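Here the structure is laid out as structure tokens; the discussion comes afterwards.
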Amino acid sequence: MKPFEYRRIHTVEEIGHDDPGQARFLAGGTNLIDLMKHEIEVPDRLLDISRLKLATLKDCENGGLRVDTLVTNTALASDPRVRKTWPLLSAALLSGATAQLRNRATTGGNLLQRTRCYYFYDTARPCNKRNPGEGCSAREGQNRIHAILGASDQCIATHPSDMAVALVALEATLTLRAADGRERELPVEELHRLPGDHPEQDTVLEPGELIVAVTLPAPQPGRQIYRKVRDRSSYAFALISVGVILQVVEGRVESVRIAFGGVAHKPWRARKAEAALLNKAPTEANFRLAAEAELVDARGYGHNDFKIPLARRTLIATLRDAAHSEEEVPT
Amino acid sequence: MAVLYINGKQVTLDDDPRTTLLDTLRERPGLTGTKKGCDHGQCGACTLLLDGRRVNSCLILAIQCEGSEVTTIEGLSQSQGEQLHPMQQAFVKYDGFQCGYCTPGQICSAVGMLEEVGNGEPSDVTGRGEVTLSRVEIQERMSGNLCRCGAYANIVDAILDTANEHSRKTGGPAT
């Protein structure tokens with residue numbers, strides 16, 4: 001690990017104007033410390049934010065829930081309100097990592113974890129995300145876990161978070177604080193970017209900008225399901241995951257939200273599939289048409305070709321489960 | 001000087017902020033019960049209890065833990081007099097290991113896990129209702145601790161027995 005300066009802060013005001021872009025916020029550290037051991041992340045300074053008073057869950061007046069950035073993945077997944085009203089989020093969190101990691105990992109940190117692309121981690125191989133302009137080893141290499149949607153010539157990495165997929169389907173919003181104290185709101189869906197010509201940039205955050213909280217709006221009525229397909233039944237990243245909120249009224253799809261994980265550089269909101277389903281009957285044929293509408297531009301790179309039919313089948317299966325369940329989330 | 005408390009004893013931290021909690025334990029007070037396996041949070045050999053919660057000590061900077069209470073495998077039996085902790089006894093009784101390298105992490109993880117079950121914290125296999133401890137629950141909840149000797153079946157037996165023994169003694173749920 002490269003030497004760095006360590007500073008613990010107790011209030012967000014201490015972040016100040018003078019912290020350069022080379023500083024990193026340290027919270028649970030479950031991804032950042034690992035990346036520093038590999039010398040993929042080499043910050044000059046760590047600002048330890050883990051003792052900021054930002055670890056509570058608060059009810060909002062409109063039926064939503066504000067989740068402070070330092071709430072651990074365990075605390076968020078276990079919260080009775082989340083389990084009852086946003087079970088999609090609890091299920092997504094519990095499908096990821098291990099109890100040891102979830103006990104330590106935070107809400108903000110989960111969103112900002114980096115790709116697990118083999119070549120991003122292998123510092124002996126070119127990677128545009130690690131060293132812009134160097135080339136992408138994954139396009140012609142082992143790319144079984146890589147993107148099928150929204151990739152670029154520069155990068156075909158995927159975002160690994162399960163939690164983020166649920167937050168996108170639930171239309172959660174971030175509260176961000178810039179180094180100069182300005183706050184802004186940003187939909188979680190707009191946090192992560194597609195790789196384009198700048199795969200080194202995972203998100204649209206400005207240097208020094210801190211995720212302060214995630215706010216869950218009162219959920220759309222309907223059944224919420226998170227389904228994750230992976231190489232082993234626990235402690236594995238998604239090959240494909242799907243978060244669905246489906247409401248069927250009198251034999252027609254009244255509302256639907258769909259997000260994919262494991263398919264792109266960001267959690268993938270499946271708006272084409274949603275549009276194809278709205279007001280249609282919840283039939284197998286319509287589920288298939290919706291999946292095909294979303295995947296029309298999907299492409300594989302060899303080893304990951306199987307993900308295209310897998311994504312189609314996983315979405316169909318998840319919609320089928322959601323449509324045929326009696327249980328609805330009370331609102 | 002920055003300090004933390006390991007098994008109740010005050011330990012002064014290394015000056016270098018790069019030092020992990022795991023390396024601090026092994027190198028400063030010489031508590032080598034906590035093992036370094038992968039050093040990347042994938043194997044669970046370094047699992048210990050930090051302020052009562054199980055964590056991977058390889059992924060935590062010691063300096064972050066200033067003032068915290070750490071319990072390692074060496075500290076688990078401290079409250080038991082001459083006896084081993086019930087979880088340690090169960091691992092012996094059920095042969096929950098072969099080479100033993102993952103065992104301190106397995107045991108600390110299992111102790112932390114039963115606390116989590118007692119708190120009603122769900123796992124990926126719990127579903128919407130209450131937590132009921134079962135083999136499937138234990139398998140899912142212990143997936144962060146690898147055993148390359150493959151003693152998993154006996155590890156699950158040891159944990160189940162410890163949980164059942166506890167509930168028999170306290171009349172409470174199997175935690």
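Note that this is a predicted model, so its numbers are computed, not measured. Every heavy atom of this structure was used, including side-chain atoms; hydrogens, water molecules and symmetry mates were not.
Judged purely by distance below 3.5 Å, without hydrogens or angles, the side chains of B:Gln106 and B:Asn145 never pair a donor atom with an acceptor atom.
With B:Arg141 contributing its side chain and B:Leu133 its backbone, the two residues share no donor-acceptor pair below 3.5 Å. Side chain of A:Lys228 to main chain of A:Gly261: no donor-acceptor pair is present (N/O by atom type, distance under 3.5 Å, no hydrogens or angles).
Note: A:Leu94 leads A:Leu94, A:Thr98, A:Leu46, A:Leu101 in heavy-atom pairs under 4.5 Å with chain B. In terms of heavy-atom pairs under 4.5 angstrom with chain B, the leader among A:Arg83, A:His38, A:Arg232, A:Arg104 is A:Arg83.
Contact of B:Asp16 with chain A is not made at all, since no heavy-atom distance falls under 4.5 Å. Contact annotation for A:Ala105: neither backbone nor side-chain heavy atoms come within less than 4.5 Å of a heavy atom of chain B. When heavy atoms are compared at a cutoff of 4.5 Å, A:Lys2 approaches chain B solely by way of its backbone atoms N, CA, C and O. Heavy-atom distances place no part of B:Gln139 under 4.5 Å from chain A, backbone and side chain included. For A:Leu32, no part lies under 4.5 angstrom from a heavy atom of chain B. Within the 4.5 angstrom heavy-atom criterion, no atom of A:Pro80 approaches chain B. Contact annotation for A:Ser233: only backbone heavy atoms (N, CA, C, O) come within less than 4.5 Å of a heavy atom of chain B. With a 4.5 Å cut-off on non-hydrogen atoms, A:Asp34 touches chain B through its backbone and its side chain both. Heavy atoms of A:Ser50 lying under 4.5 Å from chain B belong exclusively to its side chain. In this structure, chain A has a heavy atom under 4.5 Å from the side chain of B:Thr47, while its backbone stays farther away.
When every heavy atom of B:Leu160 is checked against every heavy atom of B:Arg135, the shortest pair comes out as CD1-CG, 3.8 Å.
Distance check: A:Arg257 CZ to A:Leu246 CG gives 12.0 Å after rounding to the nearest 0.5 Å.
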